[in-house]
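Okay, structure first, notes after.
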Number of protein chains: 2
Amino acid sequence: MAGRVTMDPSFGGADPQDRAPGDPGPALLAEKVGAGLADRWQAETSMLGAMCAHALVPAGKLFRPVLLLESALAVGGDADVVLPAAVGAESGHVASLVHDDIIDDDELRRGKPSVQYRFGADNAIVAGDALIFDLFAALAECRGTGAAADRIVAALDVVARCGIDLCRGQSLEAELCARRDFDLDAYLTMVRLKTAALFRGACECGALLAGGGEDLVRALGVYAENLGCAFQLHDDLMSYTRDTGAMGKPDTSDIRNGRLTLPVLLAHRASSPQDRIAIAEVLVGDDDPAVRREVLVAVLERTGAITTAAAMAREYSENAIAALRVLPPTPSRDRLRGFAQAAIDRDQ
Amino acid sequence: MAGRVTMDPSFGGADPQDRAPGDPGPALLAEKVGAGLADRWQAETSMLGAMCAHALVPAGKLFRPVLLLESALAVGGDADVVLPAAVGAESGHVASLVHDDIIDDDELRRGKPSVQYRFGADNAIVAGDALIFDLFAALAECRGTGAAADRIVAALDVVARCGIDLCRGQSLEAELCARRDFDLDAYLTMVRLKTAALFRGACECGALLAGGGEDLVRALGVYAENLGCAFQLHDDLMSYTRDTGAMGKPDTSDIRNGRLTLPVLLAHRASSPQDRIAIAEVLVGDDDPAVRREVLVAVLERTGAITTAAAMAREYSENAIAALRVLPPTPSRDRLRGFAQAAIDRDQ
């Protein structure tokens, strides 16, 4: 029952057979969230409705909703009670993608035009705002599905604060990038805020709404924060370790955007003054990104940055798994453990 | 005690003497909200903290927080219980201003550089998002000040849905503007969504958190929706009836942005085909905006659009006041009535 079975296609794909009697199983959970998302803006014929539906459907990996649902199940709760919040978790995540695509001027998202490319940046700002508000509207709906009011208020507090942390992380990333800051601690803080906060929000929200005890909620928060960091560090690493990216070409996105990610920061720290200059030149250079990437990969390998970054990601993953120990044994706990393993094993 | 005394400087200024014994009075309420806003991001040394503080402090008119507080008092509640939500109402409003300034590319807000002008549009998107999340964090804080959990959940539902309505209104305005739609009903729907929804959210939120009965909450919702429409219609009117705007020059903002506001729509409806062409030309023309404004004002007066628009604003104001009848007599009810009168009497 344990192992690498996950909800996230990039984590190896869901196996509907991987469940005990009475356990809804990952495929059914994802199906319910996907149906909830599709319903959400379907009746609205306005441009806002069209934008939100465009952003939400077809659904992505639904990893945050699944984390929320599995956390609720892992503390003995009922998936149907927290289902609206799970749908809301995806709305909140997609809101950040819609706004990110404006900031990064990205034309594509999930294989189709981004909202900003299709409807214009001004309209996309409003669509992202609506999706944030809808995250909270969905949370309130859990009253109707049977969550206790005081639990919804506790979840509201967690989700709102995690949302602010996400913004702190995005803003910090812009600051670090603007001043070309090679500070490793600042980078790890940024990852904790930008990526891990929404993971934590999802897990704590699910556990709180499901009536989980304080120690279990806290454990799932620690799990999620470490999972988020492992996930992001592995993402950073894959930019340099995969031979080819999703489009069959070398992944040059981080190079082109001059991103100071973990492998680069580690290499910088371990480098001679000469190598430091080489790293800086690669990040701001005008040469073919694929060529610059090759130069950088050589530096990353020579300085041991790849190995060190992988070890750090593994440590976060192990910390995530260790945090699950206080939870009772359930298929959901096993799947949560599987996510933490897969976070550093996946190749996309 | 009744009359035009309001919290909003643009409504004539607050009079701290205008209160009964035990009634906190408008000046004290505004002071508490202002202090709450100033505290909110003070400790945060990040760029995000700087952006949010820049947007919130010094505070604007605080009209939405005051509506929330007076609504709580009007149903027999305690201002201190709902104070965090009142601070949050301003965060939510300011979030929409921060994002509006990106959309309109406005450089100035409240007499100083807009967030987008000072920190860049990309960072301003993130700051606006953080302020939306903080609206909800503030709402959750009302648990600590004594609001009942089920009331907070009801307020959460109202506030989130009003936020979505705000986005619907913004998006609809963009649609109407893009297709140069002279449909009066669509315009009034847009006003109800874009302006009145946050007024309604503030009043219903205050009344709900304060434990108000269903009929009183509903009455305050009707009041707020009509107040918001009266307020916006009067705003539209002032663009053409004031000799000079805030800067001592004719107010040409709506002309320059080609806004199809109520007086223009009414004039269009009442016009000859020839006048309709003149209206359209004025809105898209290249001539000096002050000259175009003069041409348009002549059409608005000739067609009776100014008079009709003023009568419509007055009707919304009267409907707002009528909705207050079911409330028990209190200084707050009187002040709410005063806001509705002042909304169509103010000259700025």
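All heavy atoms count here, side chains included; hydrogens, waters and symmetry mates do not. Worth saying up front: this structure is predicted, and the values here are computed from it rather than measured. Lettering of chains follows the sequences in order, A, B, ..., and the numbering in each one begins at 1.
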What distance do His99(A) atom NE2 and Asp122(B) atom CG have between them, rounded to the nearest 0.5 Å? 11.5 Å
Find the distance between CG (Leu166(B)) and CZ (Phe133(A)) and round it off to the nearest 0.5 Å. 6.0 Å
Selection from [options] maximising heavy-atom pairs under 4.5 Å formed with chain B:
{"options": "Glu175(A), Arg161(A), Glu141(A)", "result": "Glu175(A)"}
{"options": "Ala127(A), Cys167(A), Cys142(A), Ala140(A)", "result": "Cys167(A)"}
{"options": "Leu139(A), Asp134(A), Val159(A)", "result": "Asp134(A)"}

Could you pull out all donor-acceptor pairs under 3.5 Å where a side-chain atom in residues 47-54 of chain B meets a protein atom, sequence neighbours excluded?
{"from": "His54(B)", "atom 1": "NE2", "to": "Pro113(B)", "atom 2": "O", "distance (Å)": "2.7"}

Side chain, backbone, both or neither: which part of Leu131(B) has a heavy atom under 4.5 Å from chain A? neither
When only pairs under 4.5 Å are counted, which of Val158(B), Ile103(B), Asp100(B), Leu172(B) shares the most heavy-atom pairs with chain A? Ile103(B)
Most contact-rich option vs chain A, by heavy-atom pairs under 4.5 angstrom, among Asp157(B), Ile125(B), Asp150(B), Ile102(B), is Ile125(B)
Looking at every heavy atom in both Ala137(B) and Ala160(A), which two are closest together, and how far apart are they? N-CB, 3.4 Å
Of all heavy-atom pairs between Ala174(B) and Asn123(A), which one has the smallest distance, and what is that distance? CB-OD1, 3.5 Å
[X] versus chain B, heavy atoms under 4.5 Å apart: side chain, backbone, both or neither?
{"X": "Arg143(A)", "answer": "side chain"}
{"X": "Ile132(A)", "answer": "side chain"}
{"X": "Asp129(A)", "answer": "both"}

Could you tell me whether Phe182(A) atom CZ has more than 12 heavy atoms of other residues or ligands within 6.0 Å of it? yes
Does atom CZ of Arg118(A) have more than 12 heavy-atom neighbours, drawn from other residues, nucleotides or ligands, at distances under 6.0 Å? no
